[in-house]
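I have placed the structure first, in the form of structure tokens, so that the comments after it can refer back to it.
Quick note: residue numbers are just sequence positions, from 1.
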Amino acid sequence: MGAGPRPHGAQAARRHHVRAGESAAGPYALDIGPERAGWTYCSLRVLDLPPGGSHAFGTGGSEWIVLPLSGGCTVTVDGESFALHGRDSVFRGVSDFAYLPRDGHAQIASGAGGRFALAGAKCERRLPARYGPAPEVPVELRGAGMCSRQVNNFAAADAFACDRLIAVEVLTPGGNWSSYPPHKHDEHRPGAESVLEEIYYFEIDGRDGTGAAGSAASGADDGVAYHRVSPSRPGGTDVLAEVRSGDTVLIPDGWHGPSIASPGRSLYYLNVMAGPGEERAWLISDHPDHRWVRDGWPAEAVDPRLPLYTAAPRPAAATGAPDGSAPGGSASSGAARSAAADDDGPDREDS
């Protein structure tokens, strides 16, 4: 993928596990692009804005989605503006978002301040700028028992149109495993598997369940989780990472999973993917030694702690406040247990 010799052993693990603060650059608390990752397409930035703060940037040759992690903002691109209501935290609601096309000039401004993810992918087509409403985000429950997790499919391949970018959020209750069984998407096998680079960005819920996620860089007591990537080929990616809020894991290839949430601490991760395929598709292969895990899911119940929340319609009183004062969704019934919970099949990532 990138130029130069491929790192091995501990050097490779450190390259693929980026701790909070290690990739900070300029206004970004996190800045991972193709050059840093050693690949071609995927990018992720995390922008912290103080109250009244703003940040302008060019989209260059990439398409971007601005996704509030906490707080709300106004996004302007080429003279068109979108008010994002956002949410209190990633553990408290689905957020609305904005799509920014390549070759544009954008600004993010926040009256109350907040933390915002910019998920990006190098692309060819210039699609129109658009607003993604929180109530239209498909919220899905996957797995069963201790493999239960919630997936917010805000920019899944079949949920929101992009050129190459695919992005979803995954929430795993404390003590559960997600991204399981281990799976990969590093070979082009038509109709069965697609080649996708992937970034995992992690946050961990506070001990009191308030959704307050600290970071390792700040020294906050944010707990730990674990993420595994094992080689799918000789010399492939091999990582066992203890992750904290603000950490990322880069996956150019390999069997990835499980992601393990510590007891008492819900785990959040943002998946950002893109690849070279002519079709924007999310096709995976399960590790043959672990495929059996799915067989028991139809007979098991989904963890009763899920959904943590759904993409419920925002109360009328909150609709005019793009300043992070109102969450994007509430805890209620309404998330769907999809067929993927029993059999993800060849057309869905097992986040």
Side-chain angles (χ1 to χ4, degrees), residues 13-14 16-24 28-30 32 44 46-48 67-71 86-95 114-117 141-143 145-152 168-180 182 198-229 239-251 256-272 302-309 324 327-329 331 350-351:
R14 290 295 299 117
H16 295 113
H17 176 203
V18 183
R19 291 186 172 89
E22 289 183 344
S23 67
Y28 300 113
L30 168 73
I32 299 287
L44 179 63
V46 174
L47 175 68
D48 286 320
L67 177 73
L69 301 174
S70 64
R87 53 190 165 183
D88 293 335
S89 88
V90 296
F91 298 101
R92 292 295 167 266
V94 175
S95 182
R115 187 171 178 87
F116 309 97
L141 304 184
R142 291 193 196 160
M146 293 184 68
C147 292
S148 302
R149 59 272 204 179
Q150 172 177 333
V151 185
N152 300 337
V168 303
E169 300 179 299
V170 181
L171 295 121
T172 308
N176 285 10
W177 287 23
S178 57
S179 278
Y180 196 70
E198 185 164 17
I199 300 172
Y200 276 62
Y201 166 80
F202 296 91
E203 292 195 5
I204 299 172
D205 202 358
R207 281 184 299 179
D208 56 2
T210 61
S215 73
S218 69
D221 177 18
D222 62 338
V224 299
Y226 296 88
H227 186 77
R228 178 72 170 121
V229 185
V239 176
L240 174 57
E242 180 179 280
V243 296
R244 299 173 184 269
S245 287
D247 285 11
T248 56
V249 172
L250 312 180
I251 305 174
H256 41 291
S259 293
I260 304 172
S262 297
R265 298 288 190 101
S266 293
L267 172 66
Y268 165 94
Y269 49 89
L270 171 63
N271 290 145
V272 181
V302 172
D303 190 315
R305 293 174 291 178
L306 293 175
L308 296 185
Y309 51 76
D350 189 11
S351 292

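Taking OH of Tyr268 as the reference point, atom OH of Tyr201 lies at 7.5 Å (rounded to 0.5 Å). Atom CH2 of Trp177 and atom CG of Leu267 lie 13.5 Å apart (nearest 0.5 Å). Note that CD1 of Ile199 and NE2 of His16 are 11.5 Å apart. Values are rounded to the nearest 0.5 Å. Here the OG-CD distance, from Ser245 to Glu203, works out to 5.5 Å after rounding to the nearest 0.5 Å. The CZ atom of Arg149 lies 6.5 Å from the OH atom of Tyr269; values are rounded to the nearest 0.5 Å. Between Leu171 atom CG and Asn152 atom CG the span is 5.5 Å, to the nearest 0.5 Å.
Ring geometry for Tyr200 versus His227: interplanar angle of 30 to 60°, hence tilted.
The backbone N or O of Gly174 lies less than 3.5 Å from a partner atom in the side chain of Arg305, making a donor-acceptor pair. Judged by distance alone, the side chain of Ser148 and the main-chain N or O of Asp303 form a donor-acceptor pair under 3.5 Å. Listed for the Ser262 side chain is a donor-acceptor partner under 3.5 Å among the backbone atoms of Val224. Of the possible donor and acceptor atoms, one in the side chain of Arg87 sits under 3.5 Å from a partner among the backbone N and O of Pro68. Side chain of Arg228 to main chain of Val239: a donor-acceptor pair is present (N/O by atom type, distance under 3.5 Å, no hydrogens or angles).
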Checking side chain to side chain contact (heavy atoms under 4.5 Å, CB included) for the pair Asp247/Val18: CA distance, chi angles, key distance, verdict? CA-CA 6 Å; Asp247 285 11; Val18 183; over 6 Å; no
Thr248/Arg19 under side chain to side chain contact (heavy atoms under 4.5 Å, CB included): CA gap, chis, key distance, verdict: CA-CA 6 Å; Thr248 56; Arg19 291 186 172 89; over 6 Å; no
For Asp48 and Arg115, what are the C-alpha separation, side-chain angles and deciding distance, and is it a salt bridge (Lys or Arg N to Asp or Glu O under 4.0 Å)? CA-CA 5 Å; Asp48 286 320; Arg115 187 171 178 87; 2.7 Å; yes
Begin from the C-alpha positions of Thr172 and Ser266 and carry the test side chain to side chain contact (heavy atoms under 4.5 Å, CB included) through to its verdict. CA-CA 6 Å; Thr172 308; Ser266 293; over 6 Å; no
I would like to know whether Tyr180 and Ile260 meet side chain to side chain contact (heavy atoms under 4.5 Å, CB included); could you show each step before the answer? CA-CA 9 Å; Tyr180 196 70; Ile260 304 172; over 6 Å; no
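Side chains of Val272 and Glu198 form no contact here, defined as non-hydrogen atoms less than 4.5 Å apart. Two residues are said to be in side-chain contact when any heavy atoms from C-beta on lie closer than 4.5 Å; Val170 and Asn271 meet this criterion.
The two atoms that bring Ser95 and Leu67 nearest to each other are CB-CD1, 4.2 Å, heavy atoms only. Looking at every heavy atom in both residues, Leu270 comes nearest to Ala117 through CD2-CB, 3.9 Å. The minimum heavy-atom distance linking Ala241 with Val249 is given by the pair CB-CG2, 4.3 Å.
Side-chain contact, Ser179 with His256: no donor N or O sits under 3.5 Å from an acceptor N or O.
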